[in-house]
Participant: 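A single structure is presented below for examination.
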Amino acid sequence: MKLGVLVSGEGTNLQALIDAQRAGELAPGELAVVISNNPVAPALARATAAGIRAEVIDHRGKERAAFEAELLDVLDRTGVEAVVLAGFMRVLTPHFIERFPNRIVNTHPSLLPAFPGKDAIPQALAHGAKLTGVTIHFVDTSLDGGPIIAQESVPILEGDDETTVRGRIQHLEHRLLPVVVRRLAAGKLSCEGRIVRRAE
Ligand code: GAR
């Protein structure tokens with residue numbers, strides 16, 4: 001199954017997917033294209049270095065519909081059947097999401113439904129949470145509210161700051177995301193209402 005990965009930044013989660021693919025741990029998933037809305041995202045170089053097609057579709061100065069039409073055009077022409085949001089910092093409209101029903105996954109740096117949206121780690125710190133984590137979920141038309149596929153926690157310890165918590169979270173998501181993507185590509189995730197089950 002051909003996968004499209006949407007990114008906006010550093011691309012450490014993309015790198016985890018690339019490493020998993022190299023190790024033969026993503027099949028039958030295949031990283032077919034990486035698209036960044038940010039022309040200077042370091043993620044682009046990670047894709048290119050791995051021999052994966054990398055495209056920039058800058059969202060700036062475009063209506064949301066026009067931006068998404070360009071995304072869909074690349075994904076369709078590449079034969080992409082499932083989409084991974086790996087640090088993609090744009091909200092997708094229902095039009096896009098409905099093109100891939102239960103075929104878009106996102107990794108989010110909190111225990112959803114706590115701290116959705118932007119700045120999830122600063123939100124958790126400012127709230128005084130003692131626990132936060134990673135949620136990998138199907139993307140539906142709500143903001144970070146889709147059915148939860150995988151979720152694990154990390155502690156917030158005294159003296160922690162955004163950098164230390166982010167490090168702990170990313171370590172976890174680099175392990176979880178490739179596993180979820182492999183299961184998705186293998187058709188091993190089913191979704192009844194909000195409940196995601198794993199057939200393996
Ligand atoms: C990841 O930690 C991901 O959870 C977060 O952005 C980071 C991207 O890092 N996503 C969100 O906050 C989505 N709302 P990366 O570019 O190094 O993979």
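Atoms within each ligand, like the ligands themselves, are counted from 1 in listed order. The analysis underlying the following values was restricted to heavy atoms, covering all of them including side chains, and did not include hydrogens, waters or symmetry mates.
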Participant: Of the backbone atoms (N, CA, C, O) and the side-chain heavy atoms from C-beta on, which set of Lys118 has a member under 4.0 Å from an atom of ligand 1: side chain, backbone, both, or neither?
Facilitator: neither
Participant: Can you tell me the protein heavy atom closest to atom 5 (C) of ligand 1 and the distance?
Facilitator: Pro109 CD, 3.8 Å
Participant: With a 4.0 Å heavy-atom cut-off (strictly under), which part of Met89 contacts ligand 1: side chain, backbone, both or neither?
Facilitator: side chain
Participant: Do other residues, nucleotides or ligands put more than 12 heavy atoms under 6.0 Å from Lys62 NZ?
Facilitator: yes
Participant: For atom 1 (C) of ligand 1, grab the closest protein heavy atom and report residue, atom and distance to one decimal in Å.
Facilitator: Glu173 OE2, 2.9 Å
Participant: Just which atoms of ligand 1 are under 4.0 Å from any heavy atom in Thr107?
Facilitator: 3 (C), 4 (O), 10 (N)
Participant: Asn106 versus ligand 1: do any nitrogen or oxygen atoms come within less than 3.5 Å of each other?
Facilitator: no
Participant: Classify the ring geometry of His137 against His108: parallel below 30°, tilted from 30° to 60°, perpendicular beyond 60°.
Facilitator: perpendicular
Participant: With heavy atoms of Glu10 as the reference, note each atom of ligand 1 found under 4.0 Å away.
Facilitator: 16 (O), 17 (O)
Participant: Quick one: look up the protein heavy atom nearest atom 14 (N) of ligand 1 and list residue, atom name and how far away it is.
Facilitator: His108 ND1, 3.5 Å
Participant: Enter the distance from Asn102:CG to Ile97:CD1 here, rounded to the nearest 0.5 Å.
Facilitator: 11.5 Å
Participant: Is it true that, when you exclude Ile195 itself, more than 12 heavy atoms of the residues, nucleotides or ligands shown sit nearer than 6.0 Å to its CD1?
Facilitator: no
Participant: Starting from the C-alpha separation in whole Å, work towards a yes-or-no answer on side chain to side chain donor-acceptor pair (under 3.5 Å) for Asn38 and Ser8.
Facilitator: CA-CA 5 Å; Asn38 169 11; Ser8 301; over 6 Å; no
Participant: Just by distance, with hydrogens left out, do Ser110 and Gln123 show a side-chain donor and acceptor under 3.5 Å apart?
Facilitator: no
Participant: Tell me, do Asp144 and Asn106 make a side-chain contact under 4.5 Å, heavy atoms counted?
Facilitator: yes
Participant: Does this structure show an ion pair linking Arg182 with Glu25, if we count only N-O contacts that are shorter than 4.0 Å?
Facilitator: no
Participant: By number and element, which atoms of ligand 1 are closer than 4.0 Å to a non-hydrogen atom of Gln170?
Facilitator: 1 (C), 2 (O), 7 (C), 9 (O), 17 (O)
Participant: For the pair Arg175 and Glu173, find out whether any cationic side-chain nitrogen is under 4.0 Å from an anionic carboxylate oxygen.
Facilitator: no
Participant: Considering the heavy atoms of Gly87, write down every atom of ligand 1 situated less than 4.0 Å from one of them.
Facilitator: 6 (O), 8 (C)
Participant: Any heavy atom of Gly11 closer to ligand 1 than 4.0 angstrom?
Facilitator: yes
Participant: If you measure every N or O of Asp144 against every N or O of ligand 1, does any of those distances drop under 3.5 Å?
Facilitator: no
Participant: Which residue and non-hydrogen atom of the protein lie closest to atom 17 (O) of ligand 1, and at what distance in Å?
Facilitator: Thr12 OG1, 2.6 Å
